[in-house]
Participant: 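One structure is given below, represented as C-alpha cells, and several questions about it will come after.
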Amino acid sequence: MAGDGSAFAHNSQATAKRRRERRLPLDIQADLAVLSFADDSEKLPARTVNVSKSGLGMRISRRLESGTYIEVRWPHLAAFGEVRHCLQV
C-alpha cells in the first residue's frame, strides 16, 4: 500500500521480464528477524507476497539495507537469507 511507510520488493513489468525465475503469488503472515552479531536481533511483522526458487517478496514495516541478513519464520517453517532489494513504497 503506497504511502503507508512500508517497504516492499518492487515488481514492475520490466523487473518481471528480467527475472530468471517466475514469481508465484503467496499471501502468508510471517515474522522477520534482522540478524546481527549482538544478541538483540530486531523482530518485525512481515507478510510474504510472492515466492520463487531463489527468493521471496516480503512486505515489512521499514526499509532494510541490501546485504542485511534476515530470518523469516512461518508457523511450520523458517528460512535464512540476505536482503537483495528493498524499496520504500
Participant: Say you draw a straight line from CG of L35 to CD of E82; how long is it, rounded to the nearest 0.5 Å?
Facilitator: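 If I round to the nearest 0.5 Å, the distance is 11.0 Å.
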Participant: Could you check whether any side-chain heavy atom of W74 comes within less than 4.5 Å of a side-chain heavy atom of T48, counting everything from C-beta outward?
Facilitator: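 Yes, at least one pair of side-chain atoms sits under 4.5 Å.
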Participant: Rounded to the nearest 0.5 Å, what separates atom CG in L64 from atom NE2 in H85?
Facilitator: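 Spacing of CG (L64) from NE2 (H85) equals 14.0 Å.
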Participant: Please check if the side chain of S66 supplies one atom and the backbone of R84 the other of a donor-acceptor pair under 3.5 Å.
Facilitator: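 Here the side-chain-to-backbone pair exists.
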Participant: Would you check, one step at a time, whether the test side-chain hydrogen bond (donor to acceptor under 3.5 Å, both in side chains) holds for S54 with E21?
Facilitator: CA-CA 8 Å; S54 63; E21 299 157 352; 2.6 Å; yes
Participant: By side-chain hydrogen bond (donor to acceptor under 3.5 Å, both in side chains), which residues pair with E65, not counting sequence neighbours?
Facilitator: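 Testing E65 for side-chain hydrogen bond (donor to acceptor under 3.5 Å, both in side chains), a comparison that skips the adjacent residues, returns R63.
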Participant: Working to the nearest 0.5 angstrom, can you tell me the gap between I28 CD1 and R47 CZ?
Facilitator: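 Taking CD1 in I28 and CZ in R47, the distance rounds to 8.5 Å.
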Participant: Partners of R73 by side-chain hydrogen bond (donor to acceptor under 3.5 Å, both in side chains), sequence neighbours excluded?
Facilitator: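 Counting only residues at least two positions away or on another chain, R73 forms a side-chain hydrogen bond (donor to acceptor under 3.5 Å, both in side chains) with E71.
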Participant: Using a strict cut-off of less than 4.0 Å between a Lys/Arg side-chain nitrogen and an Asp/Glu carboxylate oxygen, indicate whether K43 and D31 qualify as a salt bridge.
Facilitator: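 Salt bridge absent between K43 and D31.
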Participant: Nearest 0.5 Å, please: how far is CD1 in I70 from CG in L44?
Facilitator: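 Rounded to the nearest 0.5 Å, the CG-CD1 separation comes to 9.5 Å.
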Participant: Rounded to the nearest 0.5 Å, how far apart are CG of N50 and CZ of R22?
Facilitator: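 N50 CG to R22 CZ: 11.5 Å, rounded to 0.5 Å.
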Participant: V34 and S41: side-chain contact (heavy atoms from CB on, under 4.5 Å), yes or no, with the steps?
Facilitator: CA-CA 6 Å; V34 177; S41 61; 5.7 Å; no
Participant: Should L56 and F80 be counted in the same cluster of Ile, Leu, Val, Met, Phe, Trp and Tyr side chains packed under 4.5 Å apart?
Facilitator: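 In one cluster: no.
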Participant: Atom CD in E42, atom CG in L32: separation rounded to 0.5 Å?
Facilitator: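 If I round to the nearest 0.5 Å, the distance is 9.0 Å.
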Participant: Check G57 against R23 and note the closest heavy-atom contact, atom names and distance.
Facilitator: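 Scanning both residues, the minimum pair turns out to be N-NH1, 3.2 Å.
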Participant: Mind checking whether V72 and L24 sit in one hydrophobic cluster, side chains of I, L, V, M, F, W, Y counted as touching below 4.5 Å?
Facilitator: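 Yes, one cluster joins them.
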